[in-house]
Amino acid sequence: MSNKIAVRVENVVKSFTGGDSRVFALKGASLEARFGEILMIVGPSGCGKTTLLSVICGTLKFEEGQITVFDKDLGTMRNGEITRFRRENIGFIFQQFNLIPTLTAVENVSIPLILQGKSRTEAEKRARAVLEQVGLGERFKSYPNQLSGGQQQRVAISRALVHEPRLIICDEPTAALDSVSGHKTLELLKASALKPDRCVIIVTHDSRIYPFADRIVQMDDGHVIGHFDDHTQIQHA
Ligand SMILES: Nc1ncnc2c1ncn2[C@@H]1O[C@H](COP(=O)(O)OP(=O)(O)OP(=O)(O)O)[C@@H](O)[C@H]1O
Ligand SMILES: [Mg+2]
């Protein structure tokens, strides 16, 4: 891990309005994620973890504060610019994998490259190489419903990494997996996603994967309430 900052979130406020009520999901949250590290974000349901990931990716706008990702100030970027920046620089992994059921493994993994304008042949060649790296070389023509949960998550990891993004964002990546598959997923992320010029941010409830974190940020009620270098220091509510 280096001390160079990949993502900086400073005093970010984000609220949602529905009818006549307003919910503050982030109430001045701040954190730093460094190059070469796995940063985990933990905290109770509803405390703002997914919202924080969404503002870091630029898929949600925030109202106050500042976010910089690789020295780019998201608050000053236009929507089209943020979309392009995200396609180039960010890979996503979700709890439910979010694979497209009508596409095969290799077609699912090709998507980020196709969005970047690569030809289908070139995209699928690269996608197959990544699937081979995660041990799914034999299954590249399978559809998601023909694969186990752990295998589907490996396809999702391949899709997140295929365009070699510098920031990998994971929202509950092991929640739908048994403990062996969850452990394997983290090992794979650590081996394939983590490089000195990259950063991995993982939101999780799953204390079994805490030992994979280089640092842990604890959230509660829209705030970051602690930074820990060691998962045994986390305060359990
Ligand atoms: N689109 C939305 N509209 C209205 N309220 C929302 C919206 N998204 C999130 N919220 C509210 O913002 C708060 C934070 O939600 P968020 O999804 O960030 O929590 P979380 O920490 O990811 O929870 P979980 O662990 O259950 O996934 C919650 O009170 C939630 O109800
Ligand atoms: Mg969430």
Using a 4.5 Å cut-off on heavy atoms from C-beta on, say whether the side chain of Thr204 contacts that of Val42.
-> yes
Same cluster (ILVMFWY, side-chain, under 4.5 Å), Met40 and Leu194 | yes
Atom CG of Asn145 with >12 non-hydrogen neighbours under 6.0 angstrom | yes
Quick one: CG on Leu186 to CZ on Arg208, what's the gap to the nearest 0.5 Å?
-> 10.5 Å
For the pair Ile93 and Thr185, evaluate side chain to side chain contact (heavy atoms under 4.5 Å, CB included) and give the outcome as yes or no after the intermediate values.
-> CA-CA 11 Å; Ile93 299 167; Thr185 293; over 6 Å; no
Inter- and intrachain pairs under side chain to side chain donor-acceptor pair (under 3.5 Å), touching residues 91-106, at least two apart = Thr104-Glu107
Side-chain touch Leu39/Leu31, heavy atoms, less than 4.5 angstrom = yes
Contacts of Glu32 meeting side chain to side chain contact (heavy atoms under 4.5 Å, CB included) (sequence neighbours excluded), chain-then-number -> Ile5, Arg8
Would you sort out whether Thr59 and Ser54 count as a side chain to side chain contact (heavy atoms under 4.5 Å, CB included), showing the intermediate values?
-> CA-CA 5 Å; Thr59 49; Ser54 305; 3.6 Å; yes
Side-chain contact test, heavy atoms from C-beta onward, threshold under 4.5 Å: evaluate it for Pro144 versus Phe97 and give yes or no.
-> no
For a quick test of your reading: what N or O donor-acceptor pairs under 3.5 Å do the side chains of residues 160-168 make, sequence neighbours left out?
unit_1	atom_1	unit_2	atom_2	d
His163	NE2	Ile90	O	3.0
Glu164	OE2	Arg126	NH2	3.2
Arg166	NE	Asn89	OD1	3.3
Arg166	NH2	Asn89	OD1	3.1

Same hydrophobic cluster for Val106 and Leu147, using side-chain heavy-atom links shorter than 4.5 Å among ILVMFWY?
-> yes
Show me the donor-acceptor pairs within less than 3.5 Å that the side chains of residues 44-53 make with the rest of the protein, sequence neighbours left out.
unit_1	atom_1	unit_2	atom_2	d
Lys49	NZ	Gly43	O	3.0
Lys49	NZ	Pro44	O	3.1
Thr50	OG1	Asp171	OD2	2.7

Ring pair (Phe, Tyr, Trp, His ring centres under 6.0 Å): pairs with one or both residues in residues 3-27, sequence neighbours excluded = none
Lys61: what forms a salt bridge (charged side-chain N to carboxylate O under 4.0 Å, His left out) with it, not counting sequence neighbours?
-> none
Apply the test side chain to side chain donor-acceptor pair (under 3.5 Å) to residues Glu64 and Asn11: give CA-CA distance (whole Å), side-chain angles for both, the deciding distance (0.1 Å), then the verdict.
-> CA-CA 7 Å; Glu64 285 177 38; Asn11 299 319; over 6 Å; no
In one Ile/Leu/Val/Met/Phe/Trp/Tyr side-chain cluster, 4.5 Å: Phe228, Ile38 = yes
Would you call Glu172 and Asp206 a side-chain contact if the rule is heavy atoms closer than 4.5 Å?
-> no
Summary of ring pair (Phe, Tyr, Trp, His ring centres under 6.0 Å) pairs that have at least one residue in residues 60-85, sequence neighbours excluded = Phe35-Phe70
Answer yes or no: is there a side-chain heavy-atom contact under 4.5 Å between Met219 and Leu26?
-> yes
Go through the structure and list residues passing salt bridge (charged side-chain N to carboxylate O under 4.0 Å, His left out) with Asp220, not counting sequence neighbours.
-> none
Identify, with sequence neighbours excluded, every residue that meets salt bridge (charged side-chain N to carboxylate O under 4.0 Å, His left out) alongside Arg22.
-> Glu63
Side chains of Cys170 and Leu189: does their closest heavy-atom pair fall under 4.5 Å?
-> yes
Qualifying ring pair (Phe, Tyr, Trp, His ring centres under 6.0 Å) pairs with a residue from residues 139-161, counting only residues at least two apart or across chains = none
Answer with yes or no whether the hydrophobic clustering places Val7 together with Val13; edges join I, L, V, M, F, W, Y residues whose side-chain heavy atoms lie under 4.5 Å apart.
-> no
Does the side chain to side chain contact (heavy atoms under 4.5 Å, CB included) test come out yes or no for Arg159 and Leu99, once each step is laid out?
-> CA-CA 9 Å; Arg159 183 183 54 188; Leu99 298 174; 3.9 Å; yes
Specify the closest pair of heavy atoms between Val109 and Ala127, including all atoms of both residues, with the distance to one decimal.
-> CG1-CB, 3.6 Å
Residues in ring-ring contact (aromatic ring centres under 6.0 Å, His included) with Phe212, at least two apart?
-> His183
Crowding at NZ, Lys190 (>12 non-hydrogen neighbours, <6.0 Å) = yes
Applying side chain to side chain contact (heavy atoms under 4.5 Å, CB included) to Leu115 and not counting sequence neighbours gives Arg87, Ile111
Between Val134 and Leu103, is there a shared hydrophobic cluster once you connect ILVMFWY residues whose side-chain heavy atoms come closer than 4.5 Å?
-> no
Taking only Lys NZ, Arg NE, NH1 and NH2, and the carboxylate oxygens of Asp or Glu, determine whether Arg120 and Glu124 approach each other closer than 4.0 Å.
-> yes
About how many Å separate NE2 of His227 and CD of Gln218, when rounded to the nearest 0.5 Å?
-> 11.0 Å
